[in-house]
Asks: 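Take this structure first; my questions come after.
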Amino acid sequence: VVAFLPPVIACSAGAKVTQIWPNARRGRPLASEDDVADLAFLPGGDRLVAIGARGRITVWSLTSHRTELTFTVPGAERLSILDTEVFPDGERIVTLMCGQLLFIWNVSTGELLQNVSSPAQHMDVKVLHPGDRLATGIADTADDEGVRILNTSHGRLLHVLKHIEGRVFALKASTCGEKLITAIKTAILVWDVVTGSMQLRLAVSMPGWWAPEIAISRGGKRIFAKFGKHISIWNSTSNQACMTLVAKSSIQRFVLLGDGRQVAVFTNREAFVMDVDTGKRLVDLDSGYVDDDKAVVVAS
């Protein structure tokens, strides 16, 4: 699991979490009581939230390397947590459980603030800036309802982003909260979440798309997608790729840094940071830290 809030990256392996870039060697691994299923930075970058595989939520301070708060999501031992997102105010997170239950928590107190149930099976959830709306991907698109936009306060349905071409495999939101991108089998779709209308369709037909990973830059101007050893980049106003980044081996994960001008790339052999405009390799990340035979990526 990789989480990032530029210019810091954290990576987990098993029940360990390590700050890896930059100045990772100044720190020490953060230990969890549970295997880490998901990670998220709180705004400011000095606190990290870890979601345990059995539903334990831990908030760490990266300055003191101490646990600030830990609590367990009721029923998570039976109903696994599928996704977690942080609200822009840094005081709330939303967890998606069992595909149908959305819980909003106060990360300072562990208090359950709100729950939203839905008859649909959701696969993931995104918080739309400034936090008044949620975007949820639907696992079963038999009724063409690929993504729903919900009001955070009362869960009321605002828009349905219909995907008549098939199932939504991934979705990402721009930091400004105005654009959403979704990945289906044959294309990446760009949506206006205010109106619920599709703005752009990027056709894709490249090997490695069976497990898509997509991203959108902070202002929504650039769109990124992983294809095997490649990361293709588009301008959000054009259907032509403007840049392709190439790695030596298959890319497992990638994360955007800052405004999207740098990207951290994780392959099955190495990890590094690249400049998006030039394709130049800027920083090598060393995967030499090993704990219980599970690699944690740390900065070299």
Side-chain angles (χ1 to χ4, degrees), residues 1-7 9 11 21 123-124 126 135 137 141 146-147 161 163-193 197-285 297:
V1 178
V2 178
F4 71 101
L5 186 125
I9 305 172
C11 184
W21 188 73
M123 65 173 185
D124 51 14
K126 296 291 178 279
T141 56
V147 175
L161 310 185
H163 289 66
I164 60 176
E165 297 181 70
R167 179 190 169 193
V168 176
F169 289 96
L171 72 150
K172 289 290 177 66
S174 64
T175 306
C176 62
E178 296 178 357
K179 290 184 180 180
L180 189 78
I181 58 173
T182 57
I184 59 176
K185 188 175 181 179
T186 57
I188 300 171
L189 308 178
V190 183
W191 301 85
D192 183 324
V193 297
S197 60
M198 186 174 70
Q199 295 181 319
L200 185 66
R201 183 186 187 275
L202 305 172
V204 294
S205 58
M206 296 183 66
W209 187 241
W210 60 272
E213 183 165 352
I214 56 177
I216 184 167
S217 62
R218 180 178 294 171
K221 294 183 179 180
R222 286 178 170 178
I223 298 166
F224 300 73
K226 172 176 72 72
F227 305 90
K229 298 179 182 180
H230 304 80
I231 297 174
S232 291
I233 306 168
W234 292 265
N235 291 321
S236 60
T237 56
S238 167
N239 59 3
Q240 298 293 324
C242 61
M243 184 69 175
T244 300
L245 306 178
V246 182
K248 295 179 181 178
S249 56
S250 180
I251 298 173
Q252 306 297 317
R253 294 289 308 275
F254 74 92
V255 291
L256 302 185
L257 307 179
D259 58 3
R261 294 185 178 179
Q262 296 178 356
V263 58
V265 179
F266 300 83
T267 76
N268 52 7
R269 296 180 181 178
E270 57 183 349
F272 48 89
V273 177
M274 297 184 75
D275 183 280
V276 168
D277 294 316
T278 64
K280 182 179 178 182
R281 192 158 162 160
L282 301 177
V283 179
D284 287 331
L285 304 175
V297 182

Asks: R281: which residues meet the salt bridge (Lys or Arg N to Asp or Glu O under 4.0 Å) condition with it, sequence neighbours left out?
Replies: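 Once residues adjacent in sequence are excluded, the partners of R281 under the salt bridge (Lys or Arg N to Asp or Glu O under 4.0 Å) criterion are E270, D284.
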Asks: Applying salt bridge (Lys or Arg N to Asp or Glu O under 4.0 Å), which residue pairs with at least one partner in residues 234-252 are found, sequence neighbours left out?
Replies: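 Applying salt bridge (Lys or Arg N to Asp or Glu O under 4.0 Å) to every pair that reaches into residues 234-252, excluding sequence neighbours, yields nothing.
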Asks: Say you draw a straight line from CD1 of I251 to CZ of F266; how long is it, rounded to the nearest 0.5 Å?
Replies: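 That separation rounds to 11.5 Å.
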Asks: Who passes side-chain hydrogen bond (donor to acceptor under 3.5 Å, both in side chains) against D275, sequence neighbours left out?
Replies: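 By the side-chain hydrogen bond (donor to acceptor under 3.5 Å, both in side chains) rule, D275 matches T278.
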Asks: Say you draw a straight line from CD of Q199 to CD1 of I181; how long is it, rounded to the nearest 0.5 Å?
Replies: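 Result: 12.0 Å between the selected atoms.
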Asks: To the closest 0.5 Å, what do you measure between CD1 (I184) and CG (L171)?
Replies: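 It comes to 13.0 Å.
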Asks: Not counting sequence neighbours, which residues clear side-chain hydrogen bond (donor to acceptor under 3.5 Å, both in side chains) with T182? List them please.
Replies: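 Here the qualifying residues are H163, W191.
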Asks: Would you give the length of the straight line joining atom CD of Q252 to atom CZ of R269, rounded to the nearest 0.5 angstrom?
Replies: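 Those atoms lie 11.0 Å apart.
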Asks: Among residues at least two apart in sequence or on other chains, which ones pass side-chain hydrogen bond (donor to acceptor under 3.5 Å, both in side chains) with T237?
Replies: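 Not a single residue meets the side-chain hydrogen bond (donor to acceptor under 3.5 Å, both in side chains) criterion with T237.
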Asks: Minimum heavy-atom separation for V204 and A187, please, with both atom names.
Replies: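 It is CG2-N, 3.5 Å.
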Asks: List in chain and number order the residues that pass salt bridge (Lys or Arg N to Asp or Glu O under 4.0 Å) with K126, two or more places apart in sequence or in another chain; answer none if no residue qualifies.
Replies: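 Residues passing salt bridge (Lys or Arg N to Asp or Glu O under 4.0 Å) with K126: D83.
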Asks: Does the side-chain contact (heavy atoms from CB on, under 4.5 Å) test come out yes or no for D277 and R261, once each step is laid out?
Replies: CA-CA 7 Å; D277 294 316; R261 294 185 178 179; 4.3 Å; yes
Asks: Enter the distance from I188:CD1 to I223:CD1 here, rounded to the nearest 0.5 Å.
Replies: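 I188 atom CD1 to I223 atom CD1 measures 7.0 Å (nearest 0.5 Å).
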Asks: In chain order, what residues pass the side-chain hydrogen bond (donor to acceptor under 3.5 Å, both in side chains) check against S217, with sequence neighbours excluded?
Replies: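 Testing S217 for side-chain hydrogen bond (donor to acceptor under 3.5 Å, both in side chains), a comparison that skips the adjacent residues, returns none.
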Asks: Between V193 and G177, what is the shortest heavy-atom contact and its length?
Replies: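 It is CG2-O, 2.9 Å.
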Asks: Can you name the closest pair of heavy atoms from S236 and K179 and give their distance?
Replies: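 Distance-wise, the nearest heavy atoms are OG-NZ, 3.2 Å.
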Asks: Can you check whether L245 reaches V265 side chain to side chain, under 4.5 Å on heavy atoms?
Replies: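 In short, these two side chains do not touch, never coming nearer than 4.5 Å.
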Asks: What's the spacing between L180 CG and L189 CG if we round to 0.5 Å?
Replies: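 Going from the CG atom of L180 to the CG atom of L189 covers 10.0 Å.
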Asks: Applying side chain to side chain contact (heavy atoms under 4.5 Å, CB included), can you list everything that pairs with T175, at least two apart in sequence or on another chain?
Replies: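 Expected list: R218.
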Asks: Among residues at least two apart in sequence or on other chains, which ones pass side chain to side chain contact (heavy atoms under 4.5 Å, CB included) with L200?
Replies: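 Counting only residues at least two positions away or on another chain, L200 forms a side chain to side chain contact (heavy atoms under 4.5 Å, CB included) with V190, L202, N239.
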Asks: List for me each residue that meets side chain to side chain contact (heavy atoms under 4.5 Å, CB included) alongside E178, sequence neighbours excluded, and say none if there are none.
Replies: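 With sequence neighbours excluded, E178 shows a side chain to side chain contact (heavy atoms under 4.5 Å, CB included) to C176, given in chain and number order.
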Asks: May I have the step-by-step check of side-chain contact (heavy atoms from CB on, under 4.5 Å) for V276 and R222, ending in yes or no?
Replies: CA-CA 10 Å; V276 168; R222 286 178 170 178; 3.2 Å; yes
Asks: Could you report the tightest heavy-atom contact between A170 and I214, atom names first, then the distance?
Replies: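 Here A170 and I214 meet closest at O-CD1, 3.8 Å.
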Asks: With under 30° as parallel and over 60° as perpendicular, where do the rings of F227 and W234 fit, or are they tilted in between?
Replies: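 If you compare the ring of F227 with that of W234, the planes turn out perpendicular.
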Asks: Heavy atoms only: give me the nearest T267-S249 pair and the separation to one decimal.
Replies: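 Minimum heavy-atom separation between T267 and S249: OG1-OG, 3.2 Å.
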Asks: Can you give me the closest heavy-atom contact between A215 and K172, atom names plus distance?
Replies: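 Taking A215 first and K172 second, the nearest heavy atoms are CA-CG, 4.2 Å.
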